[in-house]
Asks: 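Questions regarding the structure given below will be posed in turn.
In what follows, chains carry the letters A, B, and so on, assigned in the order in which the sequence lines appear, proteins first and then strands, with residues in each chain numbered from 1. The analysis underlying the following values was restricted to heavy atoms, covering all of them including side chains, and did not include hydrogens, waters or symmetry mates.
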Amino acid sequence: VEPQLIEAARRGDREAFDAIVRTRLDTVYRTAFTILGHEADAKDATQEIFVAAWRNLPSLRDLNRFDAWLGRITINACRMALRRRAGVREISIDLPEAREPASGDAGTGAAAADAEVFDRAFARLSVDDRAILVLHHHQELGIAEIAGRLGIPAGTVKSRLHRARGALQRALDRENR
Amino acid sequence: MVPRAPLDDDGLRSHLARRAGAAQLDEDALLATIASHLENQVQRRRRLTRGAAWRPALAIAIAALVVAVAAVFVRLAPITPPVAQTPGPTTVAQSPSPGLTPVPTPVASLPSGPLDTTASASIDGVQVTIELERNPMPAGEPTWVMTTVTNTGADDLIWLHGPCAQPTTVTVGGTVDDQNWRDGGDQSGASLRFRSMALAQAGVADGAIVVSFVPEAFVGKKGTYGCGDMGLESSLAPGKSIKQRARWDGGAGTLLGPPPTGRVELVGSFRDFWRRSAGEPTDPSTSPAIDVPLTAWIDGRVGGIIHPAEAIDAALLDSRLVAILETRDLGNANSPVLRYDPAAAVWEVGLLDENYGGEPQVHLVVVDGHTGGILQFVERTWNFNVDGFP
């Protein structure tokens with residue numbers, strides 16, 4: 001996104017901000033969907049992300065940090081979405097928990113079963129664990145870039161990645177039992 | 001079932017790509033929805049009036065006004081000694097310094113109708129209820145919440161907790177919607193490192209204004225609190241409840257002053273539990289959790305307090321603090337102190353030298369909470385038992 005567009009949007013230019021939204025919509029929505037695994041929640045989160053970005057854009061000091069800043073808003077919005085969803089459900093844990101229909105093009109047979117197991121396991125992770133796995137293993141961001149995006153030290157990124165991988169593997173083991 | 005190999009990086013990437021690819025996006029429809037949401041949304045302008053945006057003439061005028069106001073404030077209303085529970089042998093009286101202009105925070109409007117004070121949720125024979133003493137909650141005044149965990153199941157409920165004398169069942173807290181702490185001005189070198197550390201330590205690095213309820217057993221303790229990271233088990237028989245109270249002290253975060261008016265999605269969380277019949281989960285991180293949401297409002301009737309980053313910037317106008325910061329290895333037994341004292345309406349900003357093996361010493365700049373003017377520079381011993389942990 002060109003700095004001029006961001007600067008214009010920061011000064012209150014809605015057309016400039018609309019242009020920014022168009023260039024970032026797909027990435028933001030897919031990131032939210034990958035973390036949340038739920039279409040309606042991802043759409044709601046995407047709307048909230050851009051509204052929050054518009055409202056708070058004047059507070060962004062360094063225009064070059066726009067994408068990192070937007071990434072943090074995205075993860076916070078996902079956190080709030082999961083919190084809301086967890087809060088409104090009254091379910092029995094005897095029932096299958098967190099059926100998050102992110103099956104996509106999982107194919108058939110073993111592949112589909114694998115996908116279902118993975119999605120169930122992924123749904124058991126905290127949003128922070130999900131986010132860091134998505135940033136590193138899907139968006140292929142490096143440790144330093146994730147540290148900037150999440151506002152945490154690089155060492156913390158490494159330990160969180162390790163923890164998230166461990167949690168995911170344990171969740172997978174549990175689903176496979 | 002045949003054991004499966006651990007998921008490798010390629011497998012993880014493949015699954016995440018599949019999830020991302022499954023996202024169905026009607027871009028035009030979503031763009032239209034976002035556009036409609038953006039109608040009537042007003043951008044939040046930066047309110048901090050320090051730095052390059054200042055026009056010189058206006059700056060001089062404001063600075064003169066701040067000096068005058070601060071001088072009157074000091075003459076007419078002497079400041080209560082800040083956290084003066086321990087002797088302060090080297091207090092140095094200072095003339096007030098020009099700081100920041102008091103800037104009002106954009107004010108949200110309280111809803112007119114009655115607000116819920118109770119919320120509840122249940123999972124697997126466990127019911128969690130939170131009951132607010134009042135809603136809206138006035139900033140600057142304590143508000144209590146009663147939390148209740150009831151075992152409505154047929155067998156014992158087991159829950160895991162730390163080694164506190166009174167273990168906490170439900171934690172309650174949230175962040176103020178659509179309101180953020182304002183950023184500070186330009187800093188560099190040791191001053192910038194100090195401000196970053198102070199804000200991070202206070203939990204405000206991302207700007208979120210946090211509201212948290214402190215368990216009754218810890219009410220009145222200054223600074224941070226907690227117990228060791230140790231899992232102990234307790235059980236709750238069928239039909240029994242545990243009731244606990246927690247208190248919001250009317251301030252944001254840990255000693256960060258009264259928050260502005262705004263909505264807070266409070267969440268009461270109960271975690272790390274299981275039913276005796278089911279047995280302890282092999283991985284506690286995947287055990288069920290109950291989050292009870294309750295929309296609360298803060299009535300920020302106390303206004304005009306400068307924000308944490310602004311208070312730090314104001315304190316950094318004191319060359320004595322800056323000189324100390326430049327000679328210290330920040331973070332290595334040299335911890336930032338950042339606190340708002342509501343009784344005196346002042347910020348205390350400084351450096352705690354833990355001085356391993358000797359008496360801890362603190363170097364504090366006392367900043368007027370309304371004007372940002374420097375009121376005092378205090379150097380004294382620090383008593384962790386009285387002053388708490390920064």
Asks: Output, in order, the C-alpha distance, side-chain angles, deciding distance and verdict of side-chain contact (heavy atoms from CB on, under 4.5 Å) for A/I35 and B/R19.
Replies: CA-CA 9 Å; A/I35 292 173; B/R19 283 173 71 92; over 6 Å; no

Asks: Regarding B/R18 and A/D119, does a basic nitrogen lie under 4.0 Å from an acidic carboxylate oxygen?
Replies: yes

Asks: Supply the atom-to-atom distance A/H136 NE2 to B/L16 CG, rounded to the nearest 0.5 angstrom.
Replies: 11.5 Å

Asks: With only heavy atoms counted, which part of A/L133 is less than 4.5 Å from chain B, the side chain, the backbone, both or neither?
Replies: both

Asks: Which residues satisfy the ring-ring contact (aromatic ring centres under 6.0 Å, His included) test with A/F118, sequence neighbours excluded?
Replies: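 Testing A/F118 for ring-ring contact (aromatic ring centres under 6.0 Å, His included), a comparison that skips the adjacent residues, returns A/F122, B/H15.
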
Asks: How long is the gap from CZ on A/R165 to CG on B/L7, to the nearest 0.5 Å?
Replies: 6.0 Å

Asks: At what distance, to the nearest 0.5 angstrom, does CD1 of B/I34 lie from OH of A/Y29?
Replies: 11.0 Å

Asks: Checking the side chain of A/R22 only, and the main-chain atoms of B/E27 only, is there a donor and an acceptor separated by less than 3.5 Å?
Replies: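 No, A/R22 side chain to B/E27 backbone: no donor-acceptor pair under 3.5 Å.
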
Asks: In chain order, what residues pass the salt bridge (Lys or Arg N to Asp or Glu O under 4.0 Å) check against A/R163, with sequence neighbours excluded?
Replies: A/D129

Asks: Select one option (side chain, backbone, both, neither) describing which atoms of B/A35 are under 4.5 Å from chain A's heavy atoms.
Replies: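 Both the backbone and the side chain of B/A35 come within 4.5 Å of chain A.
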
Asks: For the CG atom of B/L12 and the NE2 atom of A/H138, what is their distance to the nearest 0.5 Å?
Replies: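 B/L12 atom CG to A/H138 atom NE2 measures 11.0 Å (nearest 0.5 Å).
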
